[in-house]
Structure formats: C-alpha cells, structure tokens
Amino acid sequence: QVQLVESGGGLVQAGGSLRLTCTAFGGDVSKFAMGWFRQNPGKERAFVASISYSGGGTYYADNVKGRFTISRDNAKNTAYLQMNNLKAEDTAMYYCARDRPGTSWYEGSPLSFQSWGQGTQVTVSA
C-alpha cells in the first residue's frame, strides 16, 4: 500500500514562494497521475493542480494558474508543487494523492484520487 508524505509547508509572507514535496513510500507511483489539493477547516477539499504519469500533461485551478507549477520526478517517486507570488487566500493544508484508476482525474475531483498524505500546512501572512 503506497504511502504519500508531504513536506515543505511553512509560514511565508505574501508575495513569497514555497516548494512542496510529495514522496511516495511502499509503492511505485510512476504509472499514476498525481494531484495536489488544499483544504481549510470547515471547507471542502479543493483541487489545486494535477500531473499525468509522464509529466506531459498538467492541469491547474484557475486561481493558481501562472503562480503554481506542478512537476514530478519518477526516478525519485516524488511530485512537487512550486508556489510563487503566494497570497493570503492560499493559506490551507495541502495534500497530495495519486489518481484512482479508471477515473477522469484531470477534471480535478477529489473522488478521482486516493492514497492521501497527511498534509503540510501553508500559511501566508498578508
């Protein structure tokens, strides 16, 4: 059973940058799409970005396009989320997951993903 572990979160000022890392243990995720989502208390988990198994296809939520970049290194069993020009509204717990086979993962629904990590907190001060 693959385990995903996120890291790289922290406190940053508005306009700053962070790079989140999602590393898979106990399984090979190179054949799966990967996704990043974020969630605040009392709110639904929201799609941020996803990437195909090869890295050739990437998808972003409208509110992060042009600021965030998703990438992956299959040799390291790892996915990344580079976040630039951070805004206060980017504050959330960030989670990574791998796609659930047979689903339209590129549409960004959390239901199309599984093997969620424990999350890493990103806090952006205004």
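Source: prediction; values computed, not measured. Values below: all heavy atoms of this structure, side chains included; hydrogens, waters and symmetry mates excluded.
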Would you list the atom pairs, donor with acceptor, under 3.5 Å between side chains in residues 10-23 and any protein atom, with sequence neighbours excluded?
{"from": "S17", "atom 1": "OG", "to": "N84", "atom 2": "OD1", "distance (Å)": "2.9"}
{"from": "T23", "atom 1": "OG1", "to": "T78", "atom 2": "OG1", "distance (Å)": "3.4"}

*CG of N40 to CZ of R45: how many Å apart, nearest 0.5 Å?*
11.5 Å

*Does S109 reach the main-chain N or O of L111 with its side chain, forming a donor-acceptor pair under 3.5 Å?*
yes

*How would you list all residue pairs meeting side chain to side chain donor-acceptor pair (under 3.5 Å) that involve residues 117-126, not counting sequence neighbours?*
Q121-T123

*Would you say E6's side chain and C96's backbone share a donor-acceptor pair under 3.5 angstrom?*
yes

*Scan residues 88-101 for pairs that pass side chain to side chain donor-acceptor pair (under 3.5 Å), counting only residues two or more places apart or in two chains.*
R38-D90, R38-Y94, R67-D90, R100-Q114

*Do N77 and D28 have side-chain heavy atoms sitting under 4.5 Å apart?*
yes

*Looking only at atom types and distance, does a side-chain atom of S52 sit under 3.5 Å from a main-chain N or O of G57, one as donor and one as acceptor?*
yes

*salt bridge (Lys or Arg N to Asp or Glu O under 4.0 Å): which pairs involve residues 72-87, sequence neighbours left out?*
none

*Nearest non-hydrogen partners of L4 and A24, listed with the distance*: CD2-CB, 3.5 Å

*Pair listing, ring pair (Phe, Tyr, Trp, His ring centres under 6.0 Å) test, anchored in residues 2-59, at least two apart*: F37-F47, F37-F113, F37-W116, Y59-W105

_Show me the pairs that pass salt bridge (Lys or Arg N to Asp or Glu O under 4.0 Å) and involve residues 107-126, at least two apart or across chains._
none

*Please report the C-alpha distance between M83 and T69 in whole Å, then the side-chain angles of each, then the deciding distance to 0.1 Å, and finally whether the side-chain contact (heavy atoms from CB on, under 4.5 Å) criterion is met.*
CA-CA 7 Å; M83 306 186 296; T69 302; over 6 Å; no

*asked:* Quick check on the hydrophobic clustering: are V64 and I51 connected, directly or via other members, by side-chain heavy-atom contacts under 4.5 Å?
replied: yes

*Is there a path from Y80 to Y60 through hydrophobic residues (I, L, V, M, F, W, Y) whose side chains come within less than 4.5 Å of each other?*
no

